[in-house]
Protein chains: 2
Amino acid sequence: MDLTHKFLANVSVDCVIFGFDFEKLNVVLVEREYDDPATGETIIRDYTLAGYHIFEDEDLDNAAYRILKDRTGLENIYLEQFATFGKTDRVAKEMDHLWLKVIDKGFADRVLTVGYFALIDSTKVKLFSHDSKIDWFPVDDALTMDLAFDHQEILQKALDTLRNKVRTEPIAFELLPECFTLTQLQNLYQAITGNIIDKRNFRKKKLQMPFIVPRTEKQDGVAHRPARLFHFDRNIFEQTRNERFGNLF
Amino acid sequence: MDLTHKFLANVSVDCVIFGFDFEKLNVVLVEREYDDPATGETIIRDYTLAGYHIFEDEDLDNAAYRILKDRTGLENIYLEQFATFGKTDRVAKEMDHLWLKVIDKGFADRVLTVGYFALIDSTKVKLFSHDSKIDWFPVDDALTMDLAFDHQEILQKALDTLRNKVRTEPIAFELLPECFTLTQLQNLYQAITGNIIDKRNFRKKKLQMPFIVPRTEKQDGVAHRPARLFHFDRNIFEQTRNERFGNLF
DNA sequence: GCAAAAGTGTTACCGGTACACCCATGC
DNA sequence: GCATGGGTGTACCGGTAACACTTTTGC
């Protein structure tokens with residue numbers, strides 16, 4: 001993390017980084033650990049979202065991109081601001097006060113944080129630890145994990161936003177590799193929304209969307225009949241957007 | 001405005017206060033005027049949204065409620081956070097720098113602002129001027145008025161959010177008096193979305209919504225057949241929410 | 001040959017849309 | 001009596017939902 005910039009003490013950004021492993025939805029969490037310097041006893045050990053304070057001369061959106069790149073190495077990623085959290089007691093837990101004290105970076109006790117969520121194709125991402133451990137966790141687990149600060153509330157809101165948005169905007173593809181099978185796409189929708197979907201109806205609907213285009217290749221290395229692959233064509237999507245006004249995905 | 005609190009220099013809240021006059025959608029704007037102290041010549045004269053910095057010991061949401069109450073006297077109003085604006089150049093115009101200098105209240109040049117929109121029944125509201133003039137403007141006009149700072153962008157985003165949300169949540173009623181006619185409701189939807197709606201289909205749909213309940217009173221003092229009045233029953237709405245999952249309004 | 005997932009059609013129902021005329025009231 | 005908005009019904013179309021079996025491949 002670049003520390004040559006001055007940051008705003010009262011404003012941070014937290015990124016909810018979502019990924020999909022073809023089975024369930026996952027989220028990136030960063031371990032927060034503090035051992036008593038005298039006894040060596042672990043006093044704090046829990047998880048936070050990927051976040052940092054915003055620099056004085058940095059656009060808000062860029063702060064989110066910076067954090068994302070810093071943790072995943074990725075650029076040109078789907079990233080969307082979804083809410084800002086500003087209760088006075090969002091740093092209320094004992095652990096949180098202690099943490100701010102021991103890291104001693106000049107962050108204020110009163111911090112508003114702007115939440116962004118990122119959708120990434122996690123099949124080929126390597127996460128960067130820097131000084132703290134970082135890893136993927138199933139979203140369902142993360143929601144019961146008692147995260148630092150108000151990060152559980154932030155995660156819940158990010159998930160709600162994603163669930164809503166996926167019904168009207170073609171953002172699910174951001175979580176898949178360039179080529180995907182219809183079953184993978186269906187599993188993704190099911191993982192996000194929690195509903196189960198009828199296979200035949202799902203395929204019928206997707207196959208008549210002109211921007212979901214079949215490829216000549218087939219799936220490879222699977223112990224069963226290989227599935228046809230598709231990709232999402234954004235150009236076709238944009239061109240046909242008006243005709244489809246009001247349709248859901 | 002209460003100045004005994006210390007505020008955060010880098011964070012403000014701006015409220016987009018929407019109202020409806022049974023014809024079109026309106027928004028509250030505050031005049032910003034500065035006359036050259038020597039010549040008396042008017043140097044700045046334009047409009048801003050209703051906003052202020054957030055106090056150190058104040059929840060973010062409460063800052064928005066405070067601003068709203070300060071300008072309208074109203075409490076228990078529909079108020080929703082919709083986005084946060086944090087470009088480094090959002091105070092880039094010459095007028096904006098000058099303004100911050102002449103009002104000299106200790107606001108920073110780098111300010112992130114959190115946007116809220118409010119929906120109020122404007123039929124019986126009296127706006128409070130304090131030291132600057134304040135008034136309702138048609139949203140369509142306001143969008144072409146070259147507002148202060150990035151307030152046009154904020155207004156546009158608020159409007160987009162309202163347009164979207166009104167399709168899936170029962171928030172339109174917040175802009176009407178307790179009792180309203182179906183024609184008023186239809187005009188409101190048309191004013192928000194810009195679409196024209198078929199009268200018979202609209203009424204058919206609304207009449208079968210159990211939470212839009214008829215009253216015994218009729219409209220009064222109109223030079224034509226008086227219309228039946230209705231009100232929105234939030235309890236019935238909440239009770240039947242699950243059955244109607246996925247329905248639009 | 002068997003396990004595992006891919007792939008495929010038909011029918012019924014419901015909600016949305018298009019469309020034109022008579023009614024009640026104030027003046 | 002006339003101007004003004006209030007109020008009503010029907011027919012068609014398209015999208016959604018329910019539902020079960022055959023096919024292809026790897027091992």
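As the structure is a computational prediction, the values presented were derived from the model and not from experiment.
The interatomic distance linking A:Ile197 (CD1) with D:dT16 (P) rounds to 13 Å, in whole Å. Taking atom CD of residue B:Gln208 and atom P of nucleotide C:dC14, one finds them 12 Å apart after rounding to whole Å. Following rounding to the nearest Å, A:Phe180 (CZ) and C:dA5 (P) show an atom-to-atom distance of 20 Å. Rounded to a whole Å, the CG atom of A:Asn201 is 16 Å from the P atom of C:dG7. Distance, B:Ile196 CD1 to C:dT17 P: 13 Å, rounded to whole Å. Atom C1' of nucleotide C:dG15 and atom NZ of B:Lys206 are separated by 14 Å, given to the nearest angstrom. Put simply, CZ on A:Arg200 is 13 Å from P on C:dT11, counting in whole angstrom units. Rounded to an integer number of Å, the gap from CG of A:Leu185 to P of C:dA6 is 13 Å.
Each of B:Arg225 and A:Asp198 has a nearest nucleotide on DNA chain D; the 5'-most of these lies closest to B:Arg225. In terms of position along DNA chain D, the nucleotide closest to B:His224 lies nearer the 5' end than the nucleotide closest to the other residue of the pair B:His224 and B:Lys204.
For the residue pair A:Arg71 / A:Ser129, no side-chain donor-acceptor distance below 3.5 Å is found, with atom types taken as modelled. Using a 3.5 Å distance cut-off with no hydrogens or angles, the side chains of B:Asn195 and B:Tyr189 do not pair a donor with an acceptor. Side-chain contact of B:Gln190 with B:Gln186: a donor-acceptor pair under 3.5 Å is present, judged by distance alone.
You'll find that the side chain of B:Pro226 is closest to C:dT25, out of C:dG9, C:dT25, C:dG7. Relative to the side chain of B:Ala227, the nucleotides C:dA18, D:dA18, D:dG7 differ in distance, and D:dG7 lies closest.
Contact annotation for A:Thr183: backbone-only contact, meaning every heavy-atom pair under 4.0 Å involves sugar-phosphate atoms and none involves a base. Residue B:Arg203 is classed as a base contact, given a heavy-atom separation below 4.0 Å to a base.
Counting only heavy atoms from C-beta outward, the side chains of B:Leu119 and B:Phe117 approach each other to under 4.5 Å.
Between A:Phe180 and A:Phe173, the gap from one ring centroid to the other is short of 6.0 Å.
Contact annotation: side chain of A:Lys199 to base of C:dG7, donor-acceptor pair present below 3.5 Å.
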